[in-house]
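First the structure, in the form of structure tokens, and then the observations on it.
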Amino acid sequence: MPLVIPEDIPAFKFLKEHALFIMGQKRAKSQDIRPLEVLIVNLMPTKIETENQILALLANSPLQVNITLLSTATYRGKNTPESHLDRFYVNFDSIKHKSFDGAIVTGAPIEHLEFEAVRYWGELVTIMDYLKHNCTSTLYLCWGAMAGLYHFHKIQKTLFKEKLFGIFEHSWVEKDLLLNGLDEIVKIPHSRHSGINESQALANPNLKILLKGKISGITALKDEKDFFILGHPEYSKNTLALEYQRDLQKGLPINKPLNYFDSKDNPILSWHSSSSVMFSNWLNFSVYQDTPFVLEN
């Protein structure tokens, strides 16, 4: 929630210049308050685990948030009980008449496929177009970010020779409210076989590059309303360890996740504070401050 102070106190100008979350008393008195409505488009096969991760980060904000969970109708997946999907999820047809303050589109382990070859691609395009016009801001994660950048900005996906797997450091490229409160070195988990064509991203005047890593490359971008993170800031402490064991059991070529285990092979949680700040900044600056009180407006 914003700090409410008089507009004529010296601290107001100082805090505003430093992009801190403040609101003048005049605006605060005239402001209507209501819960934010956030749609989560969960494309991950392990939906319950992903729910836990994302909701834990959203719950870190003092803002009151109502959540709607959406799954694709054209593909259901087999890793989540049908009873869970039936009870807690909606499909697009049931919400396409509504508007939302914010939305989150998750990743999906389908990077080896061309976008148009994904079984639910047509449905996802419809959902993304809907969000562009009926949602104040959308946060796209990992493959979801690649999909959004491809659909809206024609940024091609590029395949890696080996999996980018571990915790990587990122530096600021440009200042932005979405980075407010972050250290100059930001750690983010990555678990992906592909990235984006960085030349296309850099040449696109509608995209602002926010974070880049020496190994992980361009990782965080924004356009006029949406936020794209190519990593997995939502991951919990043991997620990479579980993915590593899963790939080993499947006999897949996989190296240990970098910068993740200690000398005794215990995971080290080193990115949670940065993830909390990024989610809170998106919710505060891209959603709460810009969304109308009447969503249909």
Within this structure, what is the CG-CE distance for the pair N197 and M146, rounded to the nearest 0.5 Å? 12.5 Å
Using side-chain heavy atoms (C-beta onward) and a distance below 4.5 Å, is F227 in contact with N281? no
Nearest heavy atoms of F100 and I95, plus distance in Å: CE1-CD1, 4.2 Å
Residues two or more places apart in sequence or in another chain: which of them pass side-chain contact (heavy atoms from CB on, under 4.5 Å) with A145? Y140, F228, L230
State, with a plain yes or no, whether a side-chain heavy atom of Y89 is found less than 4.5 Å away from one of E51. yes
N42 side chain to S71 backbone, donor-acceptor under 3.5 Å: no
Taking G102's backbone N and O only, do any of them form a donor-acceptor pair with T136's side chain (distance below 3.5 Å, no angle check)? no
Side chains of T68 and N66 in contact at under 4.5 Å (non-hydrogen atoms): no
Compare every heavy atom of I155 with every heavy atom of I196, then report the nearest pair and how far apart it is. CB-CG2, 3.8 Å
From N204 atom CG to H153 atom NE2, the distance as rounded to the nearest 0.5 Å: 6.0 Å
If Ile, Leu, Val, Met, Phe, Trp and Tyr residues are connected whenever their side-chain heavy atoms lie under 4.5 Å apart, and connections chain through other members, are V287 and L179 in the same group? yes
Parallel, tilted or perpendicular: rings of Y244 and F165 (30°, 60°): tilted
Ignoring hydrogens and geometry, is there a side-chain-to-backbone donor-acceptor pair from T80 to P45 under 3.5 Å? yes
Below 30° counts as parallel, above 60° as perpendicular, anything between as tilted: where do the rings of H232 and Y235 land? parallel
Looking only at heavy atoms, the pair that brings K157 and L113 closest together is NZ-O, 3.1 Å
How long is the gap from CD on Q200 to OG1 on T158, to the nearest 0.5 Å? 9.5 Å
For residues H151 and D129, determine if any side-chain heavy atom of one lies less than 4.5 Å from a side-chain heavy atom of the other. yes
Give a yes or no on whether V41 and L139 share a hydrophobic cluster (residues Ile, Leu, Val, Met, Phe, Trp, Tyr; joining criterion: side-chain heavy atoms under 4.5 Å apart). no
Keeping the roles fixed (side chain from D265, backbone from F261), state whether a donor-acceptor pair exists under 3.5 Å. no
Taking all non-hydrogen atoms of both residues into account, name the closest pair between L70 and L39 and its distance. CB-CD1, 3.9 Å
Mind checking whether E123 and Y75 have side chains closer than 4.5 Å, heavy atoms only? no
Of all heavy-atom pairs linking P109 and M44, the shortest is CD-SD, 4.4 Å
For E184, does the CD atom have more than 12 heavy-atom neighbours from other residues, nucleotides or ligands under 6.0 Å away? no
Does W172 use its side chain to pair, donor to acceptor, with the backbone of D183 at less than 3.5 Å? yes
In terms of hydrophobic clusters joined by side-chain contacts under 4.5 Å, are M278 and L221 together? no
Can K225 and D290 be counted as an ion pair, charged N to O under 4.0 angstrom? no
Is it possible for you to say whether L57 and V38 belong to one hydrophobic cluster, with membership spreading through side-chain heavy-atom contacts below 4.5 Å? yes
Is any side-chain heavy atom of L164 less than 4.5 Å from a side-chain heavy atom of I215? yes
Report the distance from atom NZ of K175 to atom NZ of K208, rounding to the nearest 0.5 Å. 10.5 Å
For the residue pair R76 and E82, establish whether any side-chain heavy-atom pair is separated by less than 4.5 Å. yes
Quick one: does L55's side chain get under 4.5 Å of I40's, heavy atoms only? yes
With sequence neighbours excluded, residues passing side chain to side chain donor-acceptor pair (under 3.5 Å) with S236: T239
As an exercise, state the distance from CG of N238 to CG of L269, rounded to the nearest 0.5 Å. 9.0 Å
Residues which pass side chain to side chain donor-acceptor pair (under 3.5 Å) with K132, listed by chain and number, not counting sequence neighbours: D223, D226
Donor-acceptor contact present, side-chain E111 to main-chain H193, <3.5 Å: yes
Stepwise side-chain contact (heavy atoms from CB on, under 4.5 Å) test for L124 and L43: CA-CA 10 Å; L124 183 59; L43 304 175; 4.2 Å; yes
Strictly distance-based, threshold 3.5 Å: is any side-chain N or O of E234 a donor or acceptor partner for the main-chain N or O of T50? no
Same apolar cluster (I L V M F W Y, side chains within < 4.5 Å links), Y288/L58: yes
Is a donor on one side and an acceptor on the other found under 3.5 Å between the side chain of N134 and the backbone of Y130? yes
For E116 and W121 the tightest heavy-atom approach is CA-CD1, 3.8 Å
Tell me if a side-chain donor or acceptor on D247 pairs with a main-chain N or O of L252 at a distance below 3.5 Å. no
Spacing of L178 atom CG and S280 atom OG [to the nearest 0.5 Å]: 11.5 Å
Go through the steps to decide whether E114 and Y150 satisfy the test side chain to side chain donor-acceptor pair (under 3.5 Å), and finish with yes or no. CA-CA 11 Å; E114 295 295 330; Y150 174 74; over 6 Å; no
Taking the inter-plane angle between the rings of W143 and F115 on a 0 to 90° scale, is it parallel (under 30°), tilted (30 to 60°) or perpendicular (over 60°)? tilted
Side-chain (K214) to main-chain (E169) donor-acceptor, under 3.5 angstrom: no
